[in-house]
Each structure stands twice: as C-alpha cells, then as structure tokens.
Amino acid sequence: MARMIHILNGPNLNLLGKREPEIYGRDTLEDVAQSCATLGDALGLETALYQSNHEGEIVEMIHRAREAASGIIINPAAYTHTSVAILDALNAFEGPVLEVHISNVHKRESFRHHSYVSLRAEGVIAGFGVQGYELALRRIAVLLG
Ligand code: DQA
C-alpha cells in the first residue's frame with residue numbers, strides 16, 4: 001500500500017486563486033490537490049489535502065495524521081507566525097514535516113519572518129508559488145526512502 005502524506009493548509013487558503021492573486025497566483029487549492037495526487041502516483045505516495053480556518057481544527061488534523069500519515073506537508077498560513085499549539089502538535093507527530101509558503105515570506109513584512117513551525121520542520125520552501133507543494137512532496141519521498 002502506498003504511503004500516505006497529509007497536506008495541511010491554514011486560514012484563508014480556501015480562497016487560493018481568488019485571494020491576492022498577485023502574491024499567491026491563480027491556482028486553487030483544488031488544483032494543488034490534483035497536481036500533488038498526480039505527482040504522488042509517480043512517487044508511490046498517496047496524498048490527502050485538508051484546509052481549515054480554525055487553529056484547533058488544524059491541531060486535530062495533525063493528531064489524525066499521527067494515526068493515518070507517514071509524513072506531513074503543512075502551510076499553516078498566518079498561524080505559522082503565531083501558533084505554539086500547532087508547533088506542539090507537530091512535535092507529537094513522528095514522521096517528516098515539511099513547511100511550505102507560496103509567497104517568499106522573507107521578502108514581506110517582518111512579522112512573517114518568524115515561524116514557530118520551522119522549529120519542527122525538516123525543511124522549508126517559500127516563494128516557489130504553488131509549485132512548492134510538489135517540491136515538498138518530492139523531498140518527502142526522499143526522506144521516507
Ligand atoms: C503564507 C504566508 C503567510 O505569511 C500568510 O499569512 C499566508 C500564506 C504563504 O503561503 O505564502 O496566509 O503561508
């Protein structure tokens with residue numbers, strides 16, 4: 001059976017494709033789910049993509065991944081910069097965690113330069129647009145061997 005990767009997304013990413021397209025592009029989260037599913041097939045990985053606007057729900061998604069996933073790719077969106085709860089949940093997950101940001105957060109406001117999640121993540125991809133999710137999937141395939 002193919003190993004399962006959960007791709008978790010935080011607040012406002014449900015609006016991807018419509019929200020600030022000059023920053024985040026025109027692809028939707030559904031497009032991301034499809035391109036990751038196709039690439040996952042080629043890499044021998046199954047993928048499931050989830051999104052929530054609620055911090056506690058993202059914590060519970062990470063708890064569910066403990067039972068159901070070999071690795072996590074997470075774009076915590078604004079919670080990246082604020083959430084100790086998401087960091088603690090990821091610390092309780094045993095597999096590889098990769099952090100993705102569609103935009104180059106380091107080119108933006110200084111409050112986006114700090115990430116709690118980076119204290120846990122094996123790697124961070126920022127500024128590659130939605131292609132970052134596919135790059136993270138390729139990396140997680142290597143990490144899982
Ligand atoms: C983001 C960057 C965050 O600073 C921002 O709050 C987001 C999206 C990104 O993918 O570039 O909502 O995580």
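In each ligand, atom 1 is the first atom listed, and ligand 1 is the first ligand listed. Every heavy atom of this structure was used, including side-chain atoms; hydrogens, water molecules and symmetry mates were not. As the structure is a computational prediction, the values presented were derived from the model and not from experiment.
The shortest N or O to N or O distance between Val100 and ligand 1 is not under 3.5 Å. For a threshold of 3.5 Å applied to N or O pairs, the pair formed by Ile102 and ligand 1 contains at least one separation below that value. Looking at ligand 1, you'll find an N or O of Asn75 within less than 3.5 Å of one of its N or O atoms. Checked against a 3.5 angstrom limit, the closest N/O atoms of Arg112 and ligand 1 fall inside it.
Residue Glu94 places its CD atom among 12 or fewer non-hydrogen atoms of other residues, nucleotides or ligands, all under 6.0 Å distant. Other residues, nucleotides and ligands contribute at most 12 non-hydrogen atoms within 6.0 Å of the CZ atom of Arg26.
For atom 7 (C) of ligand 1, the closest non-hydrogen atom on the protein side is Tyr24 OH, 3.5 Å. Nearest non-hydrogen protein atom to atom 1 (C) of ligand 1 is His101 ND1, 3.8 Å. Protein heavy atom in closest approach to atom 12 (O) of ligand 1: Arg19 NH2, 3.0 Å. At the top of the distance list for atom 11 (O) of ligand 1, counting protein heavy atoms only, stands Ser103 OG, 2.6 Å.
Between Ile140 atom CD1 and Ile73 atom CD1 the span is 4.5 Å, to the nearest 0.5 Å. Rounded to the nearest 0.5 Å, atoms CG (Asn9) and CG (Leu29) are 4.5 Å apart.
Distances shorter than 4.0 angstrom do not occur between any heavy atom of Asn12 and any atom of ligand 1. For Glu20, the closest heavy-atom approach to ligand 1 does not fall below 4.0 Å.
At a heavy-atom distance under 4.0 Å, no atom of Glu109 approaches ligand 1. With a 4.0 Å heavy-atom cut-off, ligand 1 is reached by no atom of Leu13.
Of all atoms in ligand 1, listed by their number and element, those nearer than 4.0 Å to a heavy atom of Val105 are 2 (C), 4 (O). Counting atoms of ligand 1 from 1 in the listed order, those under 4.0 Å from a heavy atom of Ala78 are 6 (O), 12 (O). Those atoms of ligand 1 with a heavy atom of His81 less than 4.0 angstrom away are 3 (C), 4 (O).
You'll find the ring centres of His114 and His81 outside the 6.0 Å limit.
Nearest heavy atom pair, residue Asn75 against residue His101, reads OD1-ND1, 3.7 Å.
Side-chain atoms of Asn53 come within 3.5 Å of backbone N or O of Asn12 as a donor-acceptor pair.
Considering only heavy atoms from C-beta on, Leu90 stays 4.5 Å or farther from Leu119 through its side chain.
In summary, Arg120 and Glu122 engage in a salt bridge, as defined by a charged side-chain N under 4.0 Å from a carboxylate O. A salt bridge between Glu134 and Arg139 is absent, with no side-chain N of the basic residue lying under 4.0 Å from a carboxylate O of the acidic one.
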